Amino acid sequence: MASSATFNVPILVSAFNKTSHAPFSSRNFIFRTCSLPSHVTQRSICCFQCTGRSGSVIDLGWKEVKQWHSSLRGFFMCKVQQHDVTTEENEENISQATLIRRAIKLPIYSVALVPLTVGSAAAYLQTGLFSARRYFMLLASSVFIITWLNLSNDVYDFDTGADKDKKESVVNIVGSRTGTLIAACFLLALGFLGLTYTSVEAANLRAILLLASAITCGYIYQCPPFRLSYQGLGEPLCFAAFGPFATTAFYLLQSSTSELPITYTTLSASALVGFTTSLILFCSHFHQVEGDKAVGKFSPLVRLGTEAGSRVVKVGVATLYSGMLLLGFTQTLPLTCIDKAKIFMAKYYCVRLHALFGVALAAGLVAAKMVARYPVPKPI
């Protein structure tokens with residue numbers, strides 16, 4: 001049986017009230033807990049709810065309670081964290097501008113910038129040449145491709161019901177599945193046209209084949225009838241698309257006179273880019289495990305659980321830096337690529353990890369050519 005009682009909480013517990021403006025003594029609290037046998041030490045749950053003089057309700061959350069019976073009287077000790085339920089109310093009243101900003105997902109466009117920058121830096125290390133015009137042509141085309149990925153992903157997640165309650169879904173914002181899909185396909189065509197034009201200009205067939213393979217990975221990742229992301233295969237597809245396929249293709253497209261050779265340095269750099277991109281995708285599943293389960297999407301986090309998933313992330317970050325050190329010390333990558341000062345802050349957030357790690361990697365390749373006089377990598 002559950003018991004309920006109302007208390008006027010004394011000022012002695014006001015130390016727990018870190019963020020509220022009114023003291024605890026001016027609030028009424030409702031305390032609920034399960035009744036416990038008096039002869040044993042057990043665990044239960046308590047909930048505090050208080051109303052201030054302004055009428056706002058503050059839910060202090062569910063926390064573990066221990067009951068010790070050292071005397072005839074029971075004794076409760078609760079750890080409390082304050083959580084303002086108005087946060088949830090604010091989520092219900094998000095402005096249209098905020099929803100649009102979330103739908104654009106601006107930080108994720110680092111996955112267009114990093115492979116191109118690292119590939120171009122690897123080409124600079126090989127030849128000492130860099131075409132800014134070609135770089136920005138490829139960047140614009142890549143942004144179109146990534147926008148297609150985002151829009152089409154919203155469309156197909158809308159079809160399966162995965163985005164039913166997702167307010168920042170583009171389909172939900174514009175109110176048109178068909179319009180969103182048409183825009184996505186138009187951007188795909190525009191992006192692929194730009195990539196093809198640059199590949200023809202560079203007279204490099206290998207590059208366009210690699211980029212076509214990368215786009216194919218994106219298609220079978222999310223689009224019917226494949227939807228391999230629902231089978232938990234998104235991460236390896238992401239690794240291949242943004243790593244060996246895209247980064248290597250961008251490396252090849254920086255050639256001005258002849259086809260560049262594939263080297264271990266290029267492949268190592270592209271593998272690191274693919275790894276960090278896959279880590280972004282892996283971490284994106286944490287907040288939507290229940291929703292994925294409901295629609296039959298067996299992401300790695302659905303299969304592993306969030307606790308095991310968090311351990312995978314820790315091991316992944318450690319593996320990333322260990323791999324970077326190993327590649328540097330074996331001279332597969334220039335030692336300038338493992339400058340700790342450049343990439344230390346990158347480990348805290350996944351998108352920042354990808355972006356800052358990629359920038360540091362590219363900077364290391366450029367520095368190896370400009371400063372360290374690193375020998376030109378030999379073809380495989």
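Bear in mind the structure is a predicted one, so any value in this text is a computation, not a measurement. If you read the sequence from its start, that first residue is 1, and numbering goes on from there.
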Calculate, to the nearest 0.5 Å, the distance between atoms [atom1] and [atom2] belonging to [X] and [Y] respectively.
{"X": "S278", "Y": "L320", "atom1": "OG", "atom2": "CG", "result": "11.0 Å"}
{"X": "I208", "Y": "T196", "atom1": "CD1", "atom2": "OG1", "result": "3.5 Å"}
{"X": "S141", "Y": "L188", "atom1": "OG", "atom2": "CG", "result": "11.5 Å"}

message = So which atom in G309 and which in L304 form the shortest heavy-atom distance, rounded to 0.1 Å?
response = N-CB, 4.4 Å
ask   = Quick one: does C337's side chain get under 4.5 Å of L365's, heavy atoms only?
value = yes
ask   = Taking side chain as C-beta onward, heavy atoms only, is M370 less than 4.5 Å from Y124?
value = yes
Is there a donor-acceptor pair under 3.5 Å between the side chain of [X] and the backbone N or O of [Y]?
{"X": "T265", "Y": "T332", "answer": "yes"}
{"X": "R134", "Y": "T198", "answer": "no"}
{"X": "Q126", "Y": "L260", "answer": "no"}
{"X": "T276", "Y": "V273", "answer": "yes"}

key: Partner of L151 under side chain to side chain contact (heavy atoms under 4.5 Å, CB included), chosen from I146, I182, L187   = L187
inquiry  = Side-chain heavy atoms under 4.5 Å apart, restricted to Ile/Leu/Val/Met/Phe/Trp/Tyr: what other residues fall into the cluster of V155, or is it alone?
reply    = Y156, F158, V171, L181
remark   = Grouping ILVMFWY residues whenever side-chain heavy atoms fall under 4.5 Å, the cluster of Y230 otherwise contains V295
remark   = Those residues at least two apart in sequence (or on a different chain) that pass side-chain contact (heavy atoms from CB on, under 4.5 Å) with A271 are F239
With sequence neighbours excluded, tell me which residues meet side chain to side chain donor-acceptor pair (under 3.5 Å) with [X].
{"X": "T147", "answer": "Y109"}
{"X": "S110", "answer": "none"}
{"X": "T266", "answer": "T263"}
{"X": "T319", "answer": "none"}

ask   = What pairs with R303 under salt bridge (Lys or Arg N to Asp or Glu O under 4.0 Å), at least two apart in sequence or on another chain?
value = none
Residues which pass salt bridge (Lys or Arg N to Asp or Glu O under 4.0 Å) with D157, listed by chain and number, not counting sequence neighbours = none
Side-chain donor-acceptor pairs of residues 215-227 under 3.5 Å, sequence neighbours excluded:
unit_1	atom_1	unit_2	atom_2	d
T216	OG1	A212	O	2.8
Y219	OH	P224	O	3.2
Q222	NE2	L149	O	3.3
Q222	NE2	S152	OG	2.6

Answer yes if [X] and [Y] sit in the same cluster of Ile, Leu, Val, Met, Phe, Trp and Tyr residues linked by side chain heavy atoms under 4.5 Å apart, and no otherwise.
{"X": "V114", "Y": "L327", "value": "yes"}
{"X": "I145", "Y": "L193", "value": "no"}
{"X": "F250", "Y": "F136", "value": "yes"}
{"X": "L272", "Y": "L326", "value": "no"}
{"X": "Y197", "Y": "L252", "value": "no"}

remark   = Contacts of F130 meeting ring pair (Phe, Tyr, Trp, His ring centres under 6.0 Å) (sequence neighbours excluded), chain-then-number -> Y135
task = Could you go through the salt bridge (Lys or Arg N to Asp or Glu O under 4.0 Å) check for D154 and R177 one step at a time?
result = CA-CA 9 Å; D154 278 3; R177 175 201 179 277; over 6 Å; no
query = Are more than 12 heavy atoms from other residues, nucleotides or ligands located less than 6.0 Å from atom CZ of F298?
reply = no
task = Any side chain to side chain donor-acceptor pair (under 3.5 Å) involving residues 234-252? Give me the pairs, sequence neighbours left out, ordered by first then second residue.
result = E235-H285
